[in-house]
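In what follows, a single structure is set out as structure tokens and then discussed.
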Amino acid sequence: MELPYAEPYKIKMVESIKRSTKEQRLKWIKKAKYNLFNLDSEHVFIDLLTDSGTGAMSDKQWAEMMIGDESYAGSSSYKKLKKVVKNITGFKYFLPTHQGRAAENVLFSAMIKEGDIVPGNSHFDTTKGHIEFRKATAVDCTIDEAFDTSILHPFKGNIDLKKLEDVFQKYPKEQIPFVILTITCNSAGGQPVSVKNVKEVSNLCKQYGVPLYFDAARFAENAYFIKKREKGYENKTIKEIVKEVFSYGDGMTISAKKDGLVNMGGFIALNNKGIFKKATVFNIMFEGFITYGGMNGRDMGALAVGLNESTEFNYLESRVEQIAYLGKKLVEYGVPVQQPFGGHAIFLDANKFVPTIPREEYRAQALAIELYIVGGIRGVEIGTVLADRDPITRENRYPELELVRLAVPRRTYTNNHMDFIAVALKNIYDTRNEAKSGYKIIDEAPIMRHFTVQFEKI
Ligand code: F0G
């Protein structure tokens, strides 16, 4: 008999999580105004709200925490991190920030002006938020296949070159500060971008004189998919693939809370000295001195180790295959999920799951709430609530997909937890036709409403 797969780690420390009753959860979610962000974490059994900053650090990372250098300037932890960033990304300059959106804030302050156009592949919401906050426009150039959850395209995060070229032809290059390529593409379902596509986008950018930047939050998972799916890369190491991908761009921002394997952190890395110098001023203003940028010395040390661990094949295999394990179970039960499965999450297709709930009543949000009520499992809506309103008309902009994201924290839950989630969803799916109505919004913020929005049951 062939030996089955097993995790390449053993558990050294555990954290208790509590089961609750359905009656308790009904009370808690009502009190939370049906916004899952408002729940107390102790009222959640399995927390799939995000894979951001929620993973488990290794013993080696914790060891590094103990020798963190907390000097204000020139700390040895900073130097360790700088060296690893250079080794892994190949970019010349580096600025630490406290998390991903902070990196966006700093870099975009140096690069984006009012009226600019920033093309990309389904920009993440903070990225889009930071673009729109500067009265610039994010243009989504993702391939059409990404918007059909049943098409089995291996690289659904890819940019459609025709769409990108149209943008380049419509606007002068002075109005396009850069293209941003998100690897993997979170908003398209944790879907990867191929090396071929990165290369083609890079060439097109060069042809039109526009720089290419990466939003690299899940760059290692992206490299794993390349190794598994792209011809010619099967024998390359993850670190080689990562280096090659970054070599086609001019720089990157990253939320290190994902593939940095830390609970907090981020950075900018880039090649252009002028932009680096400009960004440095904003970094000092918004984040902190350039050798810590809002991070503790110990956190920079742990990130240096984390970047090396997350670019190891064995770690990535257990990580990405755990997501696939959950995905396969759900497919077995007939539950509609985005395929192929993403690198950090499974996405439930609410348009197919609960078509009986009107879109105006936030069907994906309704499904996420039901999953909490049934299993104490917290996911997040990636649909109309997240897409928010049009900045000009202030009307809802209904995205093509209404999804519920089940993001799995790194090295945190076991496959028994995955089984539990799958059965909870099967039970909801079996009674899906009973769902007729959803929710209405009773309070919302002017921008990025999904964090604080309040609902009432219809
Ligand atoms: N870019 C991508 C692709 C992201 O997924 C995130 C965060 C950010 C930028 C911003 O980074 O949170 O460190 O400021 N995504 C989290 C998520 C919040 O749940 O997907 P941050």
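Indexing begins at 1, ligand by ligand and atom by atom, following the structure's order. Heavy-atom basis, side chains included; hydrogens, waters and symmetry copies ignored.
The nearest protein atom to atom 10 (C) of ligand 1, hydrogens excluded, is given as Thr126 OG1, 3.5 Å; this is a heavy-atom distance. What sits closest to atom 18 (C) of ligand 1 on the protein, heavy atoms only, is Phe124 CZ, 3.9 Å. The nearest protein atom to atom 13 (O) of ligand 1, hydrogens excluded, is given as Ser255 OG, 2.7 Å; this is a heavy-atom distance. The shortest contact between atom 21 (P) of ligand 1 and any protein heavy atom is with Gln99 NE2, 3.3 Å. If you check which protein heavy atom lies closest to atom 2 (C) of ligand 1, you get Asp215 OD2, 3.4 Å.
Interface of Thr182 with ligand 1, defined as ligand atoms under 4.0 Å from a residue heavy atom, comprises 3 (C). Each of the following atoms of ligand 1 lies closer than 4.0 Å to a heavy atom of Lys257: 13 (O).
Considering both main-chain and side-chain atoms, Thr50 comes within under 3.5 Å of ligand 1 through a nitrogen or oxygen pair. Inclusion of Thr127 in the set of residues having an N or O under 3.5 Å from an N or O of ligand 1 is not warranted. Inclusion of Gly265 in the set of residues having an N or O under 3.5 Å from an N or O of ligand 1 is not warranted.
Side chains of Thr184 and Arg218: a donor-acceptor N/O pair is absent below 3.5 angstrom, by distance only. No side-chain donor from either of Glu132 and Thr137 sits under 3.5 Å from a side-chain acceptor of the other. Residues Glu165 and Tyr208 have side chains that bring a donor and an acceptor to within less than 3.5 angstrom of each other.
The aromatic rings of Phe246 and Phe219 sit tilted relative to each other, their planes meeting at an angle between 30° and 60°. Ring geometry for Phe282 against Phe286 counts as parallel: the plane angle stays under 30°, on a 0 to 90° scale with 60° as the upper cut. Using cut-offs of 30° and 60° on the angle between ring planes, the pair Phe45 and Phe420 is perpendicular.
Heavy-atom proximity to atom 15 (N) of ligand 1, evaluated over Arg405, His130, Lys258, is greatest for Lys258.
Between the side chain of Asp259 and the backbone N or O of Ala220 there is at least one donor-acceptor pair closer than 3.5 Å.
With Phe91 as the aromatic partner, Lys86 does not meet the cation-pi criteria of under 6.0 angstrom to the ring centre and within 45 degrees of the ring axis.
Glu104 counts as a contact of ligand 1, since one of its heavy atoms falls under 4.0 Å from the ligand.
Contacts classified as side chain to side chain donor-acceptor pair (under 3.5 Å) and involving residues 368-381 (residues at least two apart or in different chains) are given here: Asp47-Arg378.
Residue contacts with ligand 1 for Arg101 involve both N, CA, C or O and side-chain atoms from C-beta outward (heavy atoms, distance under 4.0 Å).
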